[in-house]
Structure formats: C-alpha cells, structure tokens
2 protein chains.
Amino acid sequence: MTMPEPKSKRDEIREAAARLFRDKGYAATSMRDLAGAVDIKASSLYNHFDSKEDILRQICFDNAQRFLAGLQEVENSADSATEKLRALIGLHIQIATEDLTSITAFNDEWRHLNEPYLSEFKTIRRDYERRFQSIIEDGMNKGELRSMDSHIATYTLFSSMRWLYDWYKSGKRISADELQRDISALLMNGLSV
Amino acid sequence: MTMPEPKSKRDEIREAAARLFRDKGYAATSMRDLAGAVDIKASSLYNHFDSKEDILRQICFDNAQRFLAGLQEVENSADSATEKLRALIGLHIQIATEDLTSITAFNDEWRHLNEPYLSEFKTIRRDYERRFQSIIEDGMNKGELRSMDSHIATYTLFSSMRWLYDWYKSGKRISADELQRDISALLMNGLSV
DNA sequence: CCTACCGATCGGTAGG
DNA sequence: CCTACCGATCGGTAGG
C-alpha cells in the first residue's frame with residue numbers, strides 16, 4: 001500500500017518550523033524544539049537546512065514571492081483602480097486562507113533575518129508597498145477614490161487585512177467569499193450607512 | 001543646579017526594555033543587552049525587577065490599563081455609536097503617539113508572558129474587544145452603521161489602527177489630528193468617492 | 001539519520 | 001551597584 005506520496009522531510013520540517021515560529025516566535029524556538037516536532041534529533045536538521053536562519057529565509061522569501069506574483073497579475077489587468085483594490089484584498093485573503101501558519105511567520109518574524117537578507121527582504125517589501133500605493137494614487141487621480149493622504153490609505157488597507165492571520169488561527173468558520181465581501185464593503189464604502 | 005527631577009532608574013530600565021523588546025523582540029533581548037543600555041551590570045537589574053518577565057508584565061498590564069480607562073470614558077459618554085467609534089480611533093492614535101515604544105512591545109510581545117499572567121492578560125484583552133464590538137453592534141442596531149458581520153468590522157477597525165506603531169517608528173511627520181481625520185474618514189465613509 | 005560533543009550565552013543567585 | 005559564579009540551554013560540528 002503506497003501512501004499518496006506525501007511531502008518530503010524537508011517540507012515537513014519547513015511546515016513545523018512555520019508553526020513554531022508563529023506560535024512561539026523565531027528566537028524562542030530552538031532547533032531541539034523543531035527536531036522534536038518532526039521526530040528526529042537536532043543535528044539531523046542540518047542535513048536539510050544550513051542553519052536555523054536558512055529555514056526562516058525560505059519562509060520569508062517564498063511568501064514574498066507569492067504576494068509579488070499576485071500583485072503583478074493585478075497590475076497587468078485592465079481593471080479600474082477600485083476593481084484592482086478589490087482584487088488585492090482578495091489576494092491577501094486567499095493567501096491567508098491557503099497557508100496561514102507560513103504567512104504569519106513571514107509577517108512577524110522577518111526581522112530576525114541577518115544581513116544581507118534582511119536588507120533584501122525590506123527592499124522587496126518596500127517595492128510591494130509602493131506599487132500598492134500607486135494603484136491607490138491612480139484611483140485618486142482618476143476621481144474614483146476619495147482624496148486623502150495616500151500613505152495613510154495604503155497602510156490602513158494593509159493592516160486591516162493583517163488581523164486575518166490571528167482570526168483564522170482561532171478557528172472561526174467564515175468563508176473567504178464572505179470575508180472578501182464584508183472587508184471590501186467596509187474599506188470601500190465605510191462603516192456608516 | 002538641580003536637574004528637573006528626571007525618571008527613576010527603574011523607569012529608565014523600563015523604557016530601555018520597551019525599546020529593546022520592540023526592536024529585537026522579548027526572546028532575543030538578553031538581560032545583558034538591557035543592562036548595557038542603562039549602563040549597569042546585568043545582575044544589578046535584579047535590584048529593580050524580579051525577573052525579565054516581570055519587566056514585560058509591567059509593560060503589558062500598564063498599557064492594557066490605559067486602553068481600558070479610555071474605553072470606559074467613551075462608554076460613559078452619551079454620544080452616538082458613530083461618535084464613540086471616532087473617539088476610540090482617537091484613543092488608539094493618542095496612545096500610540098504618546099508612548100510608542102511601550103505600546104509596540106505591549107502589542108507584539110505579550111505572548112511571552114508566563115501563566116497565570118498570560119491567561120489574565122488574554123482575559124483583559126478579550127474584554128476590551130467585546131466592549132468595542134458592543135459599540136459597533138449597538139450602532140448597527142440603531143441603523144447608524146452598515147449591517148455586516150460585527151466580528152469582521154471590529155477586527156478590521158482594530159488592526160487598521162495597529163500599523164500606526166510601525167509608521168510612527170519610521171519617523172513620519174504627520175499630526176495626530178490629521179491621522180485621526182483621515183483614518184476616521186476612511187473607516188467611516190470608505191475609500192470610494 | 002545518530003551519538004557525542006563544543007564554546008558561547010542565557011537568566012538568575014550569593015555575598016558583599 | 002559590583003564581582004564571581006551557577007546550571008541549563010543554545011546553534012552548530014565531527015565523524016560515522
């Protein structure tokens with residue numbers, strides 16, 4: 001009886017690491033904790049990864065890539081700024097629902113990267129933020145969106161999607177569709193009637 | 001020449017700790033790091049605090065108290081739900097501008113508390129969230145606010161104010177008044193024109 | 001993948 | 001507030 005070809009040991013370690021980094025934080029997670037989670041000895045982890053930071057690095061950069069790829073697709077569309085923003089809200093929700101633990105570790109623990117990776121990560125992140133903000137500014141210039149400080153608008157949108165990581169963790173049953181509908185309505189049309 | 005009666009050594013340690021916890025995280029901050037920041041030896045820290053966690057505990061519970069006190073005041077007012085929400089947005093912005101480092105440590109590092117303090121902290125936090133949510137539900141029932149999932153509305157509002165901690169850190173010059181005006185406008189009336 | 005082990009660093013204490 | 005020190009634990013390596 002062959003198993004459905006599950007994940008490699010390497011992937012298993014990566015997922016366990018993402019979970020531990022999310023739950024305890026990177027610094028408070030020891031290689032012995034991680035080894036115990038995948039039923040091997042700590043020294044055996046080094047057959048799969050060069051270092052503790054190497055694991056974090058892959059979690060951070062792989063997820064950054066997912067966000068950038070999604071953004072690229074939205075940018076290439078012929079949609080209005082309003083539709084692009086809805087699509088981006090959907091992108092964040094979709095990524096959060098697909099791979100929650102990994103995303104949370106990516107979001108909260110990247111600061112533990114060492115140079116030169118830390119600077120590289122920050123550059124990628126800034127690039128994402130700028131391109132996101134450009135879409136908002138474009139919408140303001142075209143009169144689709146309310147004129148206001150575009151930094152404030154950008155960061156408010158960003159972080160309003162960030163709580164999803166905590167929310168899903170607590171096991172709430174709510175569909176991605178309903179989330180996208182309600183959050184989009186709130187951000188685009190406001191809480192007032 | 002008498003100095004303006006500055007802070008006690010204890011307060012000095014607390015502030016240095018908040019800064020280190022914010023910048024490196026609680027787990028990655030050693031008592032030797034902290035001692036160096038206030039120019040004493042690590043062992044001398046124990047004349048002021050019982051343990052490393054004791055410092056974190058005070059940062060977490062003191063700040064929780066500030067939020068609860070502000071919420072209490074808003075609840076006691078005779079304002080409409082809309083006005084209460086504006087006041088709460090103002091409360092979060094005001095606290096963030098007053099004592100930024102401490103608030104960031106409080107927000108990100110409380111999970112490193114040990115029992116029974118961890119449970120106590122979570123209880124207080126849940127209480128705050130519930131009362132915040134009650135105000136939103138009240139506004140929906142009275143027809144002031146758009147009907148939607150009140151959990152989603154609550155958490156979106158919460159986290160949309162959380163990015164302030166990162167934002168101010170990067171040294172942006174923008175007044176608390178402008179922040180409150182723009183964020184309130186976005187959340188209450190939406191980004192669409 | 002394991003056993004055995006390394007030097008460094010950790011939070012904290014004793015005693016003054 | 002310091003010197004001197006503790007046992008525990010850390011990330012990582014050697015060698016098989």
Side-chain angles (χ1 to χ4, degrees), chain A residues 3 5-61 105 108-118, chain B residues 3 5-61 105 108-118:
Chain A
M3 294 297 280
E5 191 58 60
K7 44 206 175 196
S8 65
K9 194 74 184 177
R10 185 186 174 79
D11 287 344
E12 193 189 332
I13 293 169
R14 232 185 80 131
E15 287 174 26
R19 186 168 304 273
L20 286 164
F21 293 168
R22 178 195 71 179
D23 291 340
K24 313 177 51 166
Y26 175 79
T29 298
S30 74
M31 292 299 265
R32 285 157 178 86
D33 288 337
L34 177 54
V38 295
D39 267 316
I40 59 176
K41 296 294 176 184
S43 59
S44 301
L45 291 171
Y46 294 89
N47 292 314
H48 301 282
F49 295 92
D50 289 342
S51 66
K52 185 182 172 186
E53 192 217 0
D54 184 26
I55 307 175
L56 178 64
R57 208 182 295 149
Q58 295 193 24
I59 292 172
C60 289
F61 285 93
D108 293 342
E109 305 300 326
W110 59 264
R111 65 175 165 174
H112 295 288
L113 291 170
N114 295 321
E115 296 293 357
Y117 304 102
L118 180 60
Chain B
M3 294 297 280
E5 191 58 59
K7 43 207 176 196
S8 65
K9 194 74 186 179
R10 186 188 173 78
D11 287 343
E12 193 189 332
I13 293 169
R14 232 185 80 132
E15 286 173 27
R19 186 168 304 273
L20 286 163
F21 293 169
R22 178 196 70 179
D23 292 339
K24 312 177 50 167
Y26 175 79
T29 299
S30 74
M31 291 301 265
R32 285 154 178 87
D33 289 337
L34 177 54
V38 295
D39 268 316
I40 59 175
K41 296 294 177 183
S43 58
S44 301
L45 291 170
Y46 293 89
N47 292 315
H48 301 282
F49 295 92
D50 289 342
S51 65
K52 184 182 173 187
E53 192 217 0
D54 184 25
I55 307 175
L56 178 64
R57 210 182 292 148
Q58 295 194 24
I59 292 172
C60 289
F61 285 92
D108 294 341
E109 304 301 326
W110 59 264
R111 66 176 163 174
H112 295 287
L113 290 170
N114 295 321
E115 295 294 358
Y117 304 102
L118 180 59

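Chain letters run A, B, ... following the sequence lines, proteins first, then strands; residues in each count from 1.
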## Note on the structure
Between B:Asn47 and B:Glu53, the residue closer to the 5' end of DNA chain C by nearest nucleotide is B:Glu53
### Query
Mapping A:His48 and B:Ala42 to their closest nucleotides on DNA chain C, which lands nearer the 5' end?
A:His48
### Sugar-phosphate, base or nothing in reach of B:Ser43, heavy atoms under 4.0 Å
base
### Task
Identify whether any heavy atom of B:Ser30 sits under 4.0 Å from a base atom; if not, whether one sits that close to sugar-phosphate; answer base, sugar-phosphate or nothing.
sugar-phosphate
### Query
Shortest non-hydrogen contact from A:Ile59 to A:Ala105?
CG2-CB, 4.2 Å
### Summary
Closest heavy-atom pair, A:Asp108 versus A:Arg111, reported as atoms and distance to 0.1 Å, is O-NE, 4.2 Å
Can you check the [X] [atom1] to [N] [atom2] distance for me, whole Å?
X	N	atom1	atom2	result
B:Lys41	C:dT13	NZ	P	19 Å
A:Asp50	D:dT13	CG	C1'	13 Å
A:Ile40	C:dC1	CD1	C1'	8 Å
B:Leu45	D:dT3	CG	P	14 Å
B:Ile55	C:dG11	CD1	C1'	11 Å
A:Leu56	D:dG11	CG	C1'	15 Å
B:Leu20	C:dG11	CG	P	12 Å
B:Phe49	C:dG11	CZ	P	15 Å

### Query
Looking at C:dC5, C:dG11, C:dT3, which one has an atom nearest to any side-chain atom of B:Arg32?
C:dG11
### Task
For the side chain of B:Lys9, starting at C-beta, report the closest nucleotide among D:dG12, D:dC1, C:dC1.
D:dC1
#### Entry: Mate of D:dT9 where both pairing distances stay under 3.5 Å, Watson-Crick or G-U
C:dA8
### Query
Whom does D:dG16 pair with, Watson-Crick or G-U wobble, provided both distances fall under 3.5 Å?
C:dC1
### Query
If only atom types and distance count, is the side chain of A:Glu109 paired as donor or acceptor with the main-chain N or O of A:Tyr26 below 3.5 Å?
yes
### Query
Quick one: is C:dG11 close enough that its OP1 or OP2 comes under 4.0 Å of any side-chain N or O from B:Lys52?
yes
### Query
Just how far is it from atom CE of B:Met31 to atom OH of B:Tyr46, taken to the nearest 0.5 Å?
3.5 Å
### Query
So do the side chains of B:Ile55 and B:His48 get within less than 4.5 Å of each other, counting heavy atoms only?
no
